[in-house]
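For reference, the structure is listed below as structure tokens.
Count residues from 1 along the sequence.
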Amino acid sequence: MEILTHFEDHILRIQINRPDKKNALTVAMYTEMAAALNQAEHDPAVRAVLIHGHPQVFSSGNDLQDFITHPPTGEDHPVFKFLVAISTATKPIVAAVNGPAIGIGMTMLLHCDLVYAGANARFQLPFVNLALVPEAASSMLLPMHIGYHRAAELLFLGEPFTAAVAHQFGLIAEVTADGDELRSATAAASKLAAKPPAALRLTKLLMKKGMAAAVAKQMSEEGSHFVRQLQSPEVAEAFQAFHEKRAPDFSKFS
């Protein structure tokens, strides 16, 4: 199975389990992750959620071949259902990251409450490089959290950045020694699971309610642009270049 779930001590653990493909996400995997998050939301026994990948990789983002075969066409698509589920979750979400966290592997972390990353974690937001636009309301949340110019550097250039930089920008809670990120994240999730659950949920609600409507609106607008851009000649060139392992040529576009 490519998404594994395990419930113990009031923590629902969700593991991305496709290491042979660098944990690239498919439509089926989005469906399973959304279902797991919705299960956590409605099960009173669940007090915290822990998301992690493998020691070598968190997620390399979308599986491009699956994405081409099953492109998102509207807000009922599994990828958007997953984004709604993670962005509206009322219970605390903790993430453990090591290795690559690319595309949605990075933007989903903006909706996690505590993120622990190993020193060798590498983050990247390559949407523009693929002729796409950001998702998960990252085009709003990143400038809000780290300032416009830092966000522009990450989103426009789409280059990798380290766990140390992510921590400096306030995007993650802690950089751990390699291999310790899951241990730290599990310890944090255990602490959260021992807290008074109603007080914890209300505190999260109070912290997020001021921007909840704006996040939903931005996510919807991003999704509309994303779907339209998928049909563009720019994306066709970017995806073809990716499969041919060459640099794309955007010189003919305006």
Side-chain angles (χ1 to χ4, degrees), residues 22 24-25 58-62 64 67 72 79-80 82-84 86-87 93 95 97 99-117 119-175 207-208 210-239 241-242 246-254:
K22 298 183 179 179
L25 298 172
F58 181 70
S59 174
S60 59
N62 286 311
L64 286 185
F67 208 64
V79 65
F80 295 125
F82 165 71
L83 290 175
V84 169
I86 197 169
S87 65
I93 302 176
V97 180
I102 299 172
I104 198 164
M106 166 60 210
T107 59
M108 74 167 76
L109 301 176
L110 298 173
H111 301 285
C112 297
D113 303 291
L114 296 172
V115 180
Y116 297 85
N120 79 340
R122 292 294 180 272
F123 304 89
Q124 189 175 8
L125 298 160
F127 301 105
V128 170
N129 297 349
L130 293 170
L132 293 169
V133 298
E135 27 76 319
S138 57
S139 60
M140 181 186 79
L141 294 174
L142 275 173
M144 182 186 300
H145 290 325
I146 69 176
Y148 176 85
H149 292 98
R150 283 175 168 173
E153 181 181 19
L154 299 184
L155 288 170
F156 290 179
L157 297 179
E159 296 176 349
F161 57 100
T162 65
V165 170
H167 186 255
Q168 176 189 344
F169 288 177
L171 296 173
I172 62 176
E174 182 181 330
V175 180
M207 292 174 68
K208 291 202 164 192
M211 59 181 179
V215 165
K217 181 179 178 181
Q218 190 79 358
M219 201 176 292
S220 179
E221 186 171 351
E222 287 173 344
S224 296
H225 287 297
F226 200 104
V227 169
R228 286 196 297 270
Q229 194 65 12
L230 275 174
Q231 309 303 316
S232 71
E234 288 183 349
V235 163
E237 166 61 16
F239 281 23
F242 179 85
R246 61 172 173 83
D249 179 9
F250 299 122
S251 62
K252 57 182 176 291
F253 302 110
S254 60

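Counting heavy atoms from C-beta on, the side chains of F123 and I172 come closer than 4.5 Å. Within the 4.5 Å cutoff, no side-chain heavy atoms of V128 are placed close to those of L155.
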Practice item. Under the side chain to side chain contact (heavy atoms under 4.5 Å, CB included) rule, what do F169 and H145 come out as? Steps first, then yes or no, please. Key: CA-CA 8 Å; F169 288 177; H145 290 325; over 6 Å; no
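A donor-acceptor pair under 3.5 Å links the side-chain atoms of Q124 to the main chain of G158, judged by distance alone. No donor-acceptor distance shorter than 3.5 angstrom exists from the side chain of E135 to the backbone of F226, with no hydrogens or angles considered. Within the 3.5 Å criterion, the main-chain N or O of F67 finds no donor-acceptor partner in the side chain of N62. No donor-acceptor pair under 3.5 Å is formed between the side chain of E159 and the backbone N or O of L154. Checked by atom type and distance alone, the side chain of E222 pairs as donor or acceptor with a backbone atom of A136 at under 3.5 Å. Distance alone, capped at 3.5 Å, places no donor-acceptor pair between the S139 side chain and the P134 backbone. With hydrogens and angles disregarded, no donor-acceptor distance shorter than 3.5 Å links the side chain of S232 to the backbone of R228.
Across V115 and L109, no two heavy atoms sit closer than the pair CG2-O, 3.9 Å.
Enclosure of atom OH in Y148 is not indicated, since only 12 or fewer non-hydrogen atoms of other residues, nucleotides or ligands lie within 6.0 angstrom. More than 12 heavy atoms of other shown residues, nucleotides or ligands fall within 6.0 angstrom of atom CZ in F250.
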